[in-house]
There are 2 protein chains.
Amino acid sequence: MNVSLDAGRLAGGRLYQRVAEQLAAIISEGEYSPGSRLPAERKLAERFEVSRPTIREAIIALELAGFVEVRGGSGVYICDGESDKLASTNLDVGPFDILEARILFEGEAAELAAKKITEQELAEVREALEDMVTENEGEPICEKADERFHMLIARATKNDAIVSVCSHLWALRNSSPVSARILEKVRQAGSKPRIEEHHAILEALEARDGAGARAAMREHLTRVIQQLLDATEAEAVEEARRAVMHNRERFNLIG
Amino acid sequence: MNVSLDAGRLAGGRLYQRVAEQLAAIISEGEYSPGSRLPAERKLAERFEVSRPTIREAIIALELAGFVEVRGGSGVYICDGESDKLASTNLDVGPFDILEARILFEGEAAELAAKKITEQELAEVREALEDMVTENEGEPICEKADERFHMLIARATKNDAIVSVCSHLWALRNSSPVSARILEKVRQAGSKPRIEEHHAILEALEARDGAGARAAMREHLTRVIQQLLDATEAEAVEEARRAVMHNRERFNLIG
DNA sequence: AGTTTATTGCGGTCTGACCAATTAGCTGGT
DNA sequence: ACCAGCTAATTGGTCAGACCGCAATAAACT
């Protein structure tokens, strides 16, 4: 039973990634039950019509993702971890979901940060904001400063879990192919008035105004969503949404 | 400048893991600055005295961990987000931070869930709660039901990013050795009145009372923190906190 | 100087081989 | 019939060398 490889062109062109995806797919579909052994590398190479090194690379990817356990001389065994992990590990999350989550979570984080932020951290946030202003033309730099701005606020909470969550949300945004496409459109459409909103957040932080920071953060992200909706024609949005729905069963395991 | 391999026997016997570790080490030590290019795979193979496939596997591990970016035909480049990602990817997050984050985030999630939850999902939540009640003696099962309860609420938001974040928080909790030690103490101390709190959340969800659900969730998690504080002697907490601080510099890159 | 084309280096992949650990199977004795 | 011990097949682990296509750079051409 051979499996066509070019079927799923979702992940990066790397061959091992596509193989790892398919491998993960057939595992999650129950072709091999948890705890059982996967076919030998050589057999898999034959089945997927790739070489053994490629299979090994794919297995390493699965191993690092926690899907399988490799026992030397014996075989590759499927971890008994729940399907929850599989489904949620690297699900392809759309940009709207991410922004909605950021509204909720970063709003709370900003409120907490306002109460805990130090003068030095405020200076760093201010610096990030200035970077956004001065280098507004260079998009990538601006975006980096944006990330820095938000992550600095998360860090100001002095809570590693919050930092981890915000970092995770940002990683979701950067890894999602759907997000990439839509964000590209937004970039083309230009994004000017973002600085004022960031400034409002900064002011609330400086005033140690928790509720104000929360409100400013929510306002800011809400406007981002609005802009995203405006910049994206309804048809494109629908297409993206459908793509997300379509990909939901599957999972891209490579970040 | 060759690097001895058998020096670090920390990770599993897999060669690629040891190589990946050393590679990550020399990167973090600044031998190659962020954004710059790593030596060619062949050169690295020569330097580490291993074969190219092994170097490739190590690079894949680093790539999956988010340390480097592989650009076909060009080279392997060190990601610029280094210190952020390194510090947050596998940071050992303490249970207090996690619970504080859950108070903020799951509170918001509960509020949103209350507005969107369906009858069927409510039934599932109810079922999870019943599992917690009936199997209160069997700790592991009870804990599983607890996770199910909270994740079902996250899922009820119909927002994959929120699901991903909650799953991420739970994974942090399960992976942290510090959390494990402290949570063990809490288990020994027993945890009875948790059911009422969960029930209050469920009732608010049933009433589609967003603010009420948020309040109930925050109340619940706040009490968990309180119980955690009570059950854990101050000295143990301090020890755990110190352990976290100590581990912050380091990073285990292999999951 | 600007544009196009060759060159060079790099990752991407394949083949085939040998080693080491594990395991199944066989052999022999009891 | 059963069990200990050994053998051999299987499997992952690693290596060496090769070829391809892409990318960046240098050279040649216009």
Side-chain angles (χ1 to χ4, degrees), chain A residues 2-23 27 32 35-79 254, chain B residues 2-23 27 32 35-79 254:
Chain A
N2 281 349
V3 182
S4 78
L5 275 182
D6 40 28
R9 264 244 167 268
L10 4 104
R14 306 278 275 280
L15 185 51
Y16 85 86
Q17 295 183 347
R18 277 176 283 165
V19 173
E21 242 179 77
Q22 302 214 354
L23 221 33
I27 288 175
Y32 304 99
S36 71
R37 219 196 55 195
L38 232 52
E41 290 181 352
R42 293 167 175 88
K43 300 285 183 187
L44 287 174
E46 188 183 343
R47 154 120 92 118
F48 286 95
E49 294 174 331
V50 296
S51 67
R52 194 151 87 95
T54 301
I55 290 290
R56 279 181 60 68
E57 294 176 346
I59 288 178
I60 284 174
L62 294 175
E63 181 192 16
L64 291 176
F67 288 79
V68 298
E69 176 191 354
V70 181
R71 262 173 267 174
S74 171
V76 180
Y77 296 82
I78 299 168
C79 287
I254 310 301
Chain B
N2 280 348
V3 182
S4 78
L5 274 181
D6 41 24
R9 264 245 168 269
L10 349 114
R14 305 276 275 273
L15 184 52
Y16 85 86
Q17 294 184 347
R18 275 176 284 164
V19 173
E21 245 178 75
Q22 301 215 353
L23 223 33
I27 289 175
Y32 303 101
S36 71
R37 220 195 58 198
L38 233 53
E41 291 181 352
R42 293 165 175 88
K43 298 286 183 188
L44 287 174
E46 188 182 341
R47 153 121 91 119
F48 286 93
E49 295 175 329
V50 297
S51 68
R52 194 151 88 94
T54 301
I55 290 289
R56 291 196 100 256
E57 293 176 347
I59 288 178
I60 285 174
L62 294 176
E63 181 192 16
L64 292 175
F67 287 83
V68 299
E69 176 191 354
V70 181
R71 262 174 264 173
S74 172
V76 180
Y77 296 82
I78 300 168
C79 286
I254 309 299

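As the structure is a computational prediction, the values presented were derived from the model and not from experiment. Note on naming: letters A, B, ... go to the chains in the order of the sequence lines (proteins, then strands), and numbering restarts at 1 for each one.
Across all their heavy atoms, B/Leu23 and B/Ile59 have their closest contact at CD2-CG1, 4.4 Å. Summarising the geometry of B/Cys79 relative to B/Val68, their closest heavy-atom pair is SG-C, 3.7 Å, with the distance given to 0.1 Å. The two atoms that bring B/Arg37 and B/Gly75 nearest to each other are CD-CA, 3.9 Å, heavy atoms only. Residue A/Leu64 comes nearest to B/Ala61 through the heavy atom pair CD1-CA, 3.4 Å, listed as atom of the first residue, atom of the second, then distance. In plain terms, the two heavy atoms of A/Tyr77 and A/Gly35 that are nearest each other are CD2-O, 3.6 Å.
Atoms CD1 (A/Ile55) and C1' (C/dC14) sit 13 Å apart, rounded to a whole Å. If you measure from atom CG of A/Leu15 to atom C1' of D/dC22, you get 16 Å, rounded to the nearest angstrom. Rounding to whole angstrom units, CD1 of residue A/Ile60 and P of C/dT13 are separated by 14 Å. Atom pair B/Tyr16:OH and D/dG12:P shows a separation of 14 Å (rounding to whole Å applied). The CD atom of A/Glu49 sits 11 Å away from the P atom of C/dC14 (whole-angstrom rounding). Whole-Å rounding puts the A/Leu44 CG to D/dT11 P distance at 11 Å.
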Across nucleotides 5-11 of chain C, 5' to 3', mark each nucleotide with B, S or - according to how protein heavy atoms within less than 4.0 Å reach it. ----BBB
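Note on B/Thr54: a side-chain N or O is less than 4.0 Å away from OP1 or OP2 of D/dC15.
Residues B/Arg14 and A/Glu63 are in side-chain contact: their nearest non-hydrogen atoms beyond the backbone lie under 4.5 Å apart.
Positionally, the nearest nucleotide of DNA chain C for B/Pro53 lies more toward the 5' end than for the other of B/Pro53 and A/Tyr77.
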